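The structure under discussion appears below in the form of structure tokens.
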Amino acid sequence: MPTDFPQSYRLTGVRKLTPTVKAFEFAHEFDFVPGQFIMVWVPGVDEIPISLSGPNQITVKKVGEATNALHSLKKGDYIGVRGPYGNGFSIPGHRVLLVGGGVGIAPMKALAQYGEKDFTSVIGAQDKTELFFRQYFPGLHMCTDDGSAGEKAFATVVAERLLKDRKFDAVAACGPEVMLKFLFQICEKANVPAYFSMERWMKCGIGVCGHCSVDPTGWRVCKEGPVADGTVLRNSEFFQYKRDQAGREVEL
Amino acid sequence: MPTDFPQSYRLTGVRKLTPTVKAFEFAHEFDFVPGQFIMVWVPGVDEIPISLSGPNQITVKKVGEATNALHSLKKGDYIGVRGPYGNGFSIPGHRVLLVGGGVGIAPMKALAQYGEKDFTSVIGAQDKTELFFRQYFPGLHMCTDDGSAGEKAFATVVAERLLKDRKFDAVAACGPEVMLKFLFQICEKANVPAYFSMERWMKCGIGVCGHCSVDPTGWRVCKEGPVADGTVLRNSEFFQYKRDQAGREVEL
Amino acid sequence: MLTMEIAGLKLKNPTILAAGFLGTSASILKRVADSGAGAVTIKSIGPEPREGNPNPTVLCWGEGLMNAVGLPTPGYKNMTREWAELKDISVPVIASFYGGSISEFVEVAEAIVENKPAMLDVNIGCPNTKKHGAVFGKDPETAGKLINKIKEVAGSIPVMPKLTPNTDNMLEVAKACVDNGADAIAGFNTWGPGMVIDVNVRKPVMGFKTGGISGPAVRPLMVKGIYDLYEKIDAPIVAVGGIMYGTDVIEAMMAGATAVEIGSGIHYRGIDVFSKACSEMEAWMKENGVKSLEELVGSAH
Amino acid sequence: MLTMEIAGLKLKNPTILAAGFLGTSASILKRVADSGAGAVTIKSIGPEPREGNPNPTVLCWGEGLMNAVGLPTPGYKNMTREWAELKDISVPVIASFYGGSISEFVEVAEAIVENKPAMLDVNIGCPNTKKHGAVFGKDPETAGKLINKIKEVAGSIPVMPKLTPNTDNMLEVAKACVDNGADAIAGFNTWGPGMVIDVNVRKPVMGFKTGGISGPAVRPLMVKGIYDLYEKIDAPIVAVGGIMYGTDVIEAMMAGATAVEIGSGIHYRGIDVFSKACSEMEAWMKENGVKSLEELVGSAH
Ligand SMILES: Cc1cc2nc3c(=O)[nH]c(=O)nc-3n(C[C@H](O)[C@H](O)[C@H](O)COP(=O)(O)OP(=O)(O)OC[C@H]3O[C@@H](n4cnc5c(N)ncnc54)[C@H](O)[C@@H]3O)c2cc1C
Ligand SMILES: Cc1cc2nc3c(=O)[nH]c(=O)nc-3n(C[C@H](O)[C@H](O)[C@H](O)COP(=O)(O)OP(=O)(O)OC[C@H]3O[C@@H](n4cnc5c(N)ncnc54)[C@H](O)[C@@H]3O)c2cc1C
Ligand SMILES: Cc1cc2nc3c(=O)[nH]c(=O)nc-3n(C[C@H](O)[C@H](O)[C@H](O)COP(=O)(O)O)c2cc1C
Ligand SMILES: Cc1cc2nc3c(=O)[nH]c(=O)nc-3n(C[C@H](O)[C@H](O)[C@H](O)COP(=O)(O)O)c2cc1C
Ligand code: FES
Ligand code: FES
């Protein structure tokens, strides 16, 4: 049987977590490392990279055509999946600060759940309705842009404070690239190793097309990534520019 | 790497055993059951079925174009081999009478060497110069057509006598089909199960072309064979007719 | 549950033994029928006895076979006993045949027709001899004329040309065949041909140097071909190429096939590949609430 | 030990990164060069920015890949920074490009030539768009005319058309290219295309429905094509298709190639497939007493 070919499975559960985010469960369990992703085929529409939030679970924010189509699917419908791909989180040390922003909370949930570390967590969103999966995060600090739940602050601000207060062996994070940009500066200042799940436009997902590779090293988000550490992030295109579907450079 | 594709190995040894028979050793050991064969590619000439007389050894009689070409090869030359193919000998009981006629001695040598049974052996050839591998056969009875070595008799005659003298659980044999024809009658009369290595024209060697299949069951010499027992031999085309390279029936 | 009808043939299931596999005698055809095939095909019959190419003639190079058997045949004149025994076979027996000229094709067809096979499979796609096979399958005009002549002698026996995929004209050839009365179209004979060189020996390995490619490696190419045929021609289609599993059969049907042939699958899954594929199809049909195969034909378009 | 020269390019070894694999930026090309490739190829450059086909665009179906990336490109006008950085790469950088008409091909070629790539790889074999690619590679006259025009603007930069294997006219196209000044011939772009249908979903899986086939499954087809090219044309040949191991490179050379490209092998063996294949070649050469690769070219004929 093919390995890197989309296999179709029925959705066994679809749950609305926020007005824009749904969790989808399917009839197949991946043996995976938190931080790894799969390519999700929405039949007839598109195929997109999505992190595993559990062995048989993805958690997806509605942002465009493919994610909209996915959100319209119901229990019993088929999706195609292949993977798991990428490196996943491999974090040295024990005391880890988890930071999840927006739908970036999804992969951090898998890490919190299966990561076997001494986690302290920060999850942030625009407002109360967009926070989800809070029950999975140990030592949780919530924050929202409007203060409707938890602290009224950016996740980066909360993280900075925590890093000052206590000693952490590492910071693991996923979220919008601008959030990660500031968080990385904070980590560098605090001299704590960063492990960030990054995104670039993906076509093949298996390391052959080059579309997701980043300057100046040619590091492939789909293969060596998506989790980047400081050696990858420093002096790279990350936090500066990326390439669009045609391969043109666009500012972050 | 391909499995059913000829792999070329150098000949590591070529030994003349008789005026018409040579043993060839090559730089690869097959994990095999005595009675199994390989397809031997003589580059640029032909590919022919040959029983393994050892894990890295074949023993071949010069009879035509391919075997002549094989006989002209020297240590260091390449041949291609694929396999091992077929069932090999799987003999119930313990006391086994081995019968090898002509170059049919070759596969019986492998059985004598690795078979782990209580063997009594009969090997026969035209004359003294054509007997080989005698050192491998326990309880050996030799015979030649002209009496130049051992008894002056056909191997079938010696076998018949032995079967009368003692009790055997089975007879295992390889040799010219006419010899096997008489030996089978002897076995049937003595009520001893027969296990004979049979030959038919082979093209694919892997059970797909049908060329080696026999009437009336469609038993494939290359796949279910080459070792046939009484249920296969009885009321079959064996000892009566066979098919040539074009598929035409020819008398034995 | 798996019954299908194609060009008047009623099949208990849509899996047919492909020409050239195990079709050398009545006894082995019977064995294949007993292993679950919905129909069986006699190895291509030619006008005169022919030994075929020197070995190696059939090799497995990984996810595919490579063959240049070269159409060995006892010749149609030497098959009297074989035909008599074919009567015992419980499923339709299809006769594949070839010739080196249109008149040879017709000569062989005439002789075969007397023995009343269930269908004539016209081999115009074999890449493994210089004079026969694919030379008749690359030019629409030649192919059309050939089918026309064969229809004249075929009487009520359906005629199915088996195409070569190795031509820009594949669809035009199919159309010419259908326009000239072909009752079904089989796609495809082997791909390429290909070649493998042994680097130590520095020679092509096959006795014929090259060999047509079949087996799982060609399945995506077959599916695309069937998909195109379904959109272009108005005749039932038999899919051939790399089919091994029940879902492969269903895939070919969704692309447009009414039945399929299985050849190389015998190597990968054994002689009972037919019954295995059929149980897999039944399991899939249950799981997906499909009652009859007919509703699947062309459903991916 | 592995040095080769092809159309004036001096290569430290004969393994070249195939077009469309990892060639999207200067940085990834540099990484491939550092992984041991003898030369690298920039992903085919087009006249205007192009997003390519919707995903899935590249899948592995077993012993092969299937792709319909659809020639995405930033367009030659948006590559200034890329070109500047290419200067740092230690091996020859080949530029692959395409157009939707002869004049577009020439327009792109002119722009590329200003940046002095080591060679022009003319993509006339891509099956994954309707307007570009293989339409220029199936008709000898069109292909010849195209190469003629490109040679006019190429100056001293060697021109290498990359053929499609999917045409009866493959050898005639090659000949027309050589007659019109092609300095080398690359064979081949992907095969088919093929199609895979998901039976549960009842739809073709690829975003473009079909995809060109590459990888180990096509190697025997490639070898046969190179073997034929070697007998018919008088220009150095670059073999592309399913090459993964050192012995595959040697096989292609024995069939007639002077150098090879590796693409899908990156999936099966990693980005260092180039250096792996090279060590395997060296080991084989030692074992077989071969001093230079040159003596191998065409040695299986
Ligand atoms: C490794 C990785 C893991 C991800 N995990 C998740 C997750 O767990 N949950 C989640 O909701 N989202 C995740 N994403 C983002 C998700 O892939 C995009 O939201 C989705 O592709 C949008 O598709 P669309 O058609 O709905 O939107 P579009 O309108 O097509 O695109 C909106 C934006 O989504 C991104 N995008 C679209 N297609 C791709 C593609 N093929 N590759 C990369 N980015 C693309 C681009 O930034 C684009 O601008 C992940 C992305 C990556 C790279
Ligand atoms: C299972 C099996 C095991 C064998 N083991 C041995 C062995 O250990 N030692 C040995 O010397 N011989 C063995 N043979 C016989 C050997 O295959 C033939 O002697 C050889 O093929 C002759 O080839 P040739 O070109 O020299 O002769 P040719 O002149 O081509 O043929 C002479 C005769 O050899 C037989 N033969 C030729 N080609 C084939 C073929 N492709 N398949 C089957 N038979 C063929 C035919 O009976 C033919 O009439 C075995 C045969 C089989 C089927
Ligand atoms: C060993 C072998 C022999 C074949 N002989 C014939 C033949 O005699 N006539 C014919 O029409 N096709 C012949 N073919 C082609 C097959 O019938 C079939 O079209 C092809 O193998 C693709 O199907 P598969 O992938 O299921 O094998 C042969 C193929 C093989 C591998
Ligand atoms: C994902 C992918 C993208 C490709 N893109 C191009 C391309 O842009 N230009 C081109 O000439 N060939 C392209 N090809 C074809 C390859 O360069 C090569 O000819 C083919 O894949 C066969 O070689 P391989 O088996 O080593 O992969 C592409 C192939 C693949 C799989
Ligand atoms: S998406 Fe193709 S290399 Fe990463
Ligand atoms: S040799 Fe082909 S089936 Fe036995």
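Being a predicted model, the structure only gives us computed values, none of them experimental. All values below were derived from every heavy atom in this structure, side-chain atoms included, with hydrogens, water molecules and symmetry-related copies excluded.
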Between [X] and chain D, which part of the residue has a heavy atom less than 4.5 Å away: side chain, backbone, both or neither?
X      : answer
C:L221 : both
C:V290 : side chain
C:P216 : backbone

Checking C:A176 now: which residues fulfil side-chain contact (heavy atoms from CB on, under 4.5 Å) with it, not counting sequence neighbours?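 For C:A176 the side-chain contact (heavy atoms from CB on, under 4.5 Å) partners, ignoring immediate neighbours, are C:P140.
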Which residues pass the side-chain contact (heavy atoms from CB on, under 4.5 Å) test with D:A239, not counting sequence neighbours?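 If we apply the side-chain contact (heavy atoms from CB on, under 4.5 Å) test to D:A239, skipping adjacent residues, the hits are D:M222, D:I226, D:I243, D:A252, D:A257, D:V260.
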Chain D contacts, top residue of C:V201, C:I213, C:V223, C:L296 (heavy-atom pairs, under 4.5 Å):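 Highest number of heavy-atom pairs under 4.5 Å: C:V223.
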Table up the donor-acceptor pairs between chain D and chain C that sit under 3.5 Å, atom names plus distance.
residue	atom	partner	partner atom	Å
D:T167	OG1	C:D168	OD2	2.9
D:D168	N	C:D168	OD2	3.2
D:D168	OD2	C:T167	OG1	2.9
D:D168	OD2	C:D168	N	3.2
D:M195	N	C:P220	O	2.8
D:I197	N	C:E251	OE2	2.8
D:N200	OD1	C:W284	NE1	2.9
D:P220	O	C:M195	N	2.8
D:E251	OE2	C:I197	N	2.8
D:W284	NE1	C:N200	OD1	2.9

Any salt bridge (Lys or Arg N to Asp or Glu O under 4.0 Å) involving residues 235-244 of chain D? Give me the pairs, sequence neighbours left out, ordered by first then second residue.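 Qualifying pairs, neighbours excluded: none.
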Least distance between heavy atoms, D:A300 atom then C:P204 atom: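 The pair with the smallest heavy-atom distance is O-CD, 3.7 Å.
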